[in-house]
Number of protein chains: 2
Amino acid sequence: MNIREEDIYNFIIGRTPILVNRILLRNFRKEKLDITMEQWSLLDLLWKKDGCTQHELGARTFREKASITRLLDKLEQQNIVIRVPDRRDRRVRFVYLTAKGKSIEETATRVVRETYKHAIAGIPEEQVLICKRVLNQVFENLAEEGDHWTACETA
Amino acid sequence: MNIREEDIYNFIIGRTPILVNRILLRNFRKEKLDITMEQWSLLDLLWKKDGCTQHELGARTFREKASITRLLDKLEQQNIVIRVPDRRDRRVRFVYLTAKGKSIEETATRVVRETYKHAIAGIPEEQVLICKRVLNQVFENLAEEGDHWTACETA
DNA sequence: AATTTGTAGTTGCACAGGAAACTAATTATG
DNA sequence: CATAATTAGTTTCCTGTGCAACTACAAATT
């Protein structure tokens, strides 16, 4: 294959993710939602399964535990989630949505869905699927190479 | 199309770019290169065209000018680039590679190329091309919607 | 049972991005 | 020509990430 080094930038971690993140943040602000894309990615898990552990949130969003700690700090400051220690294992803290956390699900989900629709407008569905599969394969290829998240943890 | 909100995270700005960035940073460190992925993206432009303006670097990597300022601060501290004011327009500063900046091209490019090869190993070339096109189309779709970078500037 | 090893989460440091306010210089306008 | 609008770049504030050191606790080892 004709390898061009700059592809890895333009292609995977470059301007497209930067722009998507920027637009999504602006769209949240338009709807008076004071959350970030990263915070949303945790909330999205909690809306589906309230009471995850921090470890679980990290494994599923592929973030370092330190990042999870800090994202939850912000969410807790805004009274969107609370951390509840596990009585059986006092190292563990379960993360629960507050009433406020539950109440923003509908609006936030709508913003994300509309932004996503806009992002993929006019692109044939099968191409979007291929793109997703390629990115997932890239993930698998690199995850083998020594990261502490194993495939089974993230699955 | 069957829209799943979480796709926008998993798919475009989620774990794959995070992992690619992480692995690339580690691979730079293994080769004793003290640069980041973001710094590399600027150097890659300079190796092809020395003496870009900061505005140009921002337009081509799709970063805010403030980000460019800070990335160049770091590169200048490491004696990898220097900023030279334009005599004709004293607002403008041209960015030039130093001898050190030129000397790391080969190693840095090799690291990026090998990481990229590893990332796309086993994925049919035509699928990688489709993936790139999809991400570029996503970029175009969202760029229309009110960003100050116009298509012509980034082209 | 006491020590070692492993795990969940936190904190400090360095680096990166977005937005907005700001400076200095240039170009457009009246 | 003088003022207004624009442009290039910097700075500040807030948020997010990686890594490493750290705390607290649990589980395994001897």
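Everything numeric here is computed off the predicted structure, so don't read it as measured data. Below, chains carry the letters A, B, ... as their sequence lines are ordered, and counting in each starts from 1.
Within the 3.5 Å criterion, the main-chain N or O of B:Ile80 finds a donor-acceptor partner in the side chain of B:Thr98. The main-chain N or O of A:Arg63 is never found under 3.5 Å from a side-chain atom of A:Ser67 such that the two would form a donor-acceptor pair. A distance-only check finds no donor-acceptor pair linking the side chain of A:Asp86 to the backbone of A:Arg93 [under 3.5 Å].
Mapping B:Leu25 and B:Gln54 onto DNA chain D by nearest heavy atom places B:Gln54 at the nucleotide closer to the 5' end.
In the set D:dT11, D:dT15, C:dA16, the nucleotide with an atom closest to the side chain of B:Thr36 is C:dA16.
The CZ atom of B:Phe28 sits 20 Å away from the P atom of D:dT17 (whole-angstrom rounding). In this structure, the NZ atom of A:Lys65 is 12 Å from the C1' atom of C:dT11, given to the nearest Å. Rounded to whole angstrom, the span from the CD atom of B:Glu38 across to the P atom of D:dT17 amounts to 13 Å. Distance, B:Glu64 CD to D:dC14 P: 18 Å, rounded to whole Å. Note: CG (B:Asp73) to P (C:dG17) measures 13 Å, nearest angstrom. With rounding to whole Å, B:Leu42 atom CG is found 15 Å from C:dC15 atom P. Protein atom CZ of A:Arg22 is 13 Å distant from nucleotide atom C1' of C:dA16, rounded to whole Å. One interatomic measurement links the two molecules: CZ of B:Arg63 to P of D:dA8, which rounds to 18 Å at whole-angstrom precision.
Residue contacts shown for A:Ile68 are absent, as no nucleic acid heavy atom lies under 4.0 Å away.
A search for side chain to side chain contact (heavy atoms under 4.5 Å, CB included) contacts involving B:Gln137 returns A:Ile123, B:Glu140, B:Asn141, not counting sequence neighbours. Listed by chain and residue number, nothing satisfies the side chain to side chain donor-acceptor pair (under 3.5 Å) test with B:Lys32 (two or more places apart in sequence, or in another chain).
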Before giving the answer on salt bridge (charged side-chain N to carboxylate O under 4.0 Å, His left out), spell out for A:Asp34 and A:Arg29 the whole-Å C-alpha distance, their side-chain angles and the decisive distance to 0.1 Å.
CA-CA 6 Å; A:Asp34 199 21; A:Arg29 293 294 174 274; 3.6 Å; yes
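A distance of 10.5 Å separates CD1 in B:Ile120 from CG in A:Leu142, rounded to the nearest 0.5 Å.
Interface residues of residues 80-97 of chain A facing DNA chain C, ordered by number: A:Arg83, A:Arg91, A:Val92, A:Arg93; criterion, heavy-atom separation under 4.0 Å.
Phosphate proximity of C:dT11 to A:Thr69: absent, as no side-chain N or O sits under 4.0 Å from OP1 or OP2.
Put simply, the side chain of B:Arg70 and the base of D:dG9 share no donor and acceptor less than 3.5 Å apart.
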